[in-house]
Number of protein chains: 2
Amino acid sequence: MEKYLNILRTCPLFAQIREDHLLRMLGCLGAKVVQFDKKYTILAEGKPAKYIGIVLSGSAQIMQMDYYGNRSLLAVSGPGEMFGEAFACAETKALPVSVIAEEPSDIMLIDCSHILHTCSNNCGFHQQLIYNLMKSLAVKNILFHQKIEITAKRSTREKLMAYLLLQAKKAGSDRFDIPFDRQELADYLEVDRSGLSAEISKLRREGILRSRKKHFELL
Amino acid sequence: MEKYLNILRTCPLFAQIREDHLLRMLGCLGAKVVQFDKKYTILAEGKPAKYIGIVLSGSAQIMQMDYYGNRSLLAVSGPGEMFGEAFACAETKALPVSVIAEEPSDIMLIDCSHILHTCSNNCGFHQQLIYNLMKSLAVKNILFHQKIEITAKRSTREKLMAYLLLQAKKAGSDRFDIPFDRQELADYLEVDRSGLSAEISKLRREGILRSRKKHFELL
DNA sequence: CTCTTTTTGTTGAAATTTCAACAGAATTTA
DNA sequence: TAAATTCTGTTGAAATTTCAACAAAAAGAG
């Protein structure tokens with residue numbers, strides 16, 4: 001567990017928690033670490049939503065599929081980031097999403113009820129954890145909000161530009177890499193992949209951007 | 001303030017708070033009540049996001065507009081429900097949405113920093129409020145999630161049916177009323193109003209539903 | 001009750017998206 | 001390195017959505 005301390009320190013769930021307390025706390029919470037190979041399912045749709053996941057290495061895609069295979073990519077969590085906490089905190093019966101390892105990943109799983117329902121030795125840590133969860137959930141809300149703002153646009157071009165402008169702003173530069181390949185970007189924007197490729201080419205021809213695979217430059 | 005107690009009791013922010021403590025707490029939090037006429041702006045896009053709003057009577061629409069007037073309706077809060085808490089809790093600089101009174105409404109506004117940063121007399125209430133906020137944010141996350149699940153569908157018909165099926169499930173009956181008029185439903189589903197009307201007519205002709213204004217019956 | 005305003009439904013044309021199929025590039029595997 | 005697989009860009013046809021304009025219905029105002 002010690003080898004993960006550096007990454008756990010960056011996890012917002014453990015903000016303001018002293019490092020020497022962290023290890024003991026993990027024991028108290030029953031945290032366990034599981035390794036997943038590329039494309040393996042970390043949490044499966046329909047299963048009880050009891051776990052909070054923390055990416056220790058690799059990355060996790062939160063996705064949803066409808067009855068006829070239309071994939072919707074909701075978010076991607078990288079090292080130090082959490083997933084599943086909204087469903088766990090709301091004590092949802094069945095998970096409406098699947099979480100997939102994008103690459104070989106180490107994932108920490110914590111049974112959320114251990115955080116929500118304070119243990120017998122009413123340690124002050126619980127209060128901090130709940131505060132941290134509240135903060136994280138607020139931020140997640142805002143991320144969802146941004147996704148809605150982007151996908152609410154009516155055309156592929158508008159969605160794409162809204163997304164790229166946001167990425168540029170986040171990167172603080174007109175040159176940046178996105179974390180998606182074409183299919184994933186299409187799934188995130190909720191559009192057709194081939195139409196997305198066509199639109200990117202069009203923007204390139206119009207001199208609005210330059211791009212090569214995951215790298216983009218806005219001109 | 002007393003006359004609002006009945007509705008405040010139903011607000012998830014005050015879950016598990018004893019009624020006799022509630023009034024004092026509201027004073028401590030600097031809660032104020034403001035009345036808004038129909039279509040008036042309760043919170044304006046771009047302003048600092050410091051307030052949590054609670055609908056005491058009437059209802060509030062959370063909406064967003066892009067540069068060319070495409071409206072997107074994110075959510076509607078009715079009596080006892082909160083709005084703006086995600087932005088306030090995340091301490092967002094500028095509000096990315098506007099909140100509009102759908103009808104004449106009484107709204108309670110609470111400066112969120114009074115909840116987040118515990119006051120000198122470190123009352124146990126703060127802990128409960130933060131726990132309640134955490135729970136509410138988790139639920140809001142799930143609501144956003146449902147909206148994404150609906151609007152991720154590719155056609156007007158699929159979006160509409162996904163929405164109606166969810167409403168039917170929520171109502172526990174195939175006959176139910178929706179809280180939107182046609183334009184609002186179109187704004188929520190992120191589709192064109194006239195196309196939505198046409199689709200509803202088509203579903204009616206196909207014998208899949210019956211509807212009159214805001215009332216729907218799935219057959 | 002009448003007049004005005006708002007809401008809803010219809011329509012056809014224009015624009016866009018989706019779909020399916022394929023070819024070339026890039027990457028991975030053996 | 002060669003072969004196999006995955007990813008990306010292209011294309012044209014079919015399906016859908018948006019847009020604009022209008023008429024009918026319903027709701028609100030005086």
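Note: hydrogens, waters and symmetry copies are ignored here, and every other heavy atom, side chains too, is used. So that the names make sense, note that chain A is the first sequence line, chain B the second, and so on, each numbered from 1.
- In this structure, the CG atom of B:Asp187 is 12 Å from the P atom of C:dT8, given to the nearest Å.
- B:Lys39 has its NZ atom 14 Å from the C1' atom of C:dT5, to the nearest Å.
- Residue contacts shown for A:Asp181 are limited to sugar-phosphate atoms, with no base heavy atom under 4.0 Å away.
- Rounded to whole Å, the distance from CG on B:Leu189 to P on D:dT16 is 17 Å.
- Among the atoms of the strands shown, only primed sugar atoms or phosphate atoms (P, OP1, OP2) are found under 4.0 Å from some heavy atom of A:Arg154.
- Side-chain polar atoms of A:Glu45 and A:Gln64 form no donor-acceptor pair below 3.5 angstrom.
- Out of D:dC7, D:dT17, C:dT10, the shortest distance to the side chain of B:Ser155 is found at D:dT17.
- Remark: C1' of D:dT18 and CZ of A:Arg157 are 17 Å apart, rounded to the nearest angstrom.
- Annotation: cation-pi geometry satisfied between A:Lys147 and A:Tyr188 (NZ/CZ under 6.0 angstrom from ring centroid, within 45° of ring axis).
- With DNA chain C read from its 5' end, the first of the two nearest nucleotides for B:Arg205 and A:Ser194 is the one closest to B:Arg205.
- Residue A:Ser197 places no side-chain N or O under 4.0 Å from the OP1 or OP2 atom of D:dT8.
- Here the side chains of B:Leu109 and B:Ile52 are not in contact, with every heavy-atom distance at 4.5 Å or above.
- Where B:Asp192 and A:Arg204 each meet DNA chain D at their nearest nucleotide, the meeting point lying more 5' is that of A:Arg204.
- A:Glu103 has its CD atom 17 Å from the C1' atom of D:dT6, to the nearest Å.
- Going from atom CD of A:Gln183 over to atom P of C:dA26 covers 20 Å, rounded to whole Å.
- In this structure, the nucleotide among D:dT18, D:dG9, D:dT10 sitting nearest to the side chain of A:Arg182 is D:dG9.
- Checking A:Ser72 against A:Glu190 by side-chain atom types alone, a donor-acceptor pair falls below 3.5 Å.
- Checked by atom type and distance alone, the side chain of A:Asp192 pairs as donor or acceptor with a backbone atom of A:Gly195 at under 3.5 Å.
- Comparing A:Lys213 and B:Gly195 along DNA chain D, the residue whose closest nucleotide (by nearest heavy atom) sits nearer the 5' end is A:Lys213.
- Taking atom CZ of B:Arg193 as the reference point, atom P of D:dA20 lies 13 Å away to the nearest angstrom.
- Remark: P of C:dT8 and CD of B:Glu199 are 17 Å apart, rounded to the nearest angstrom.
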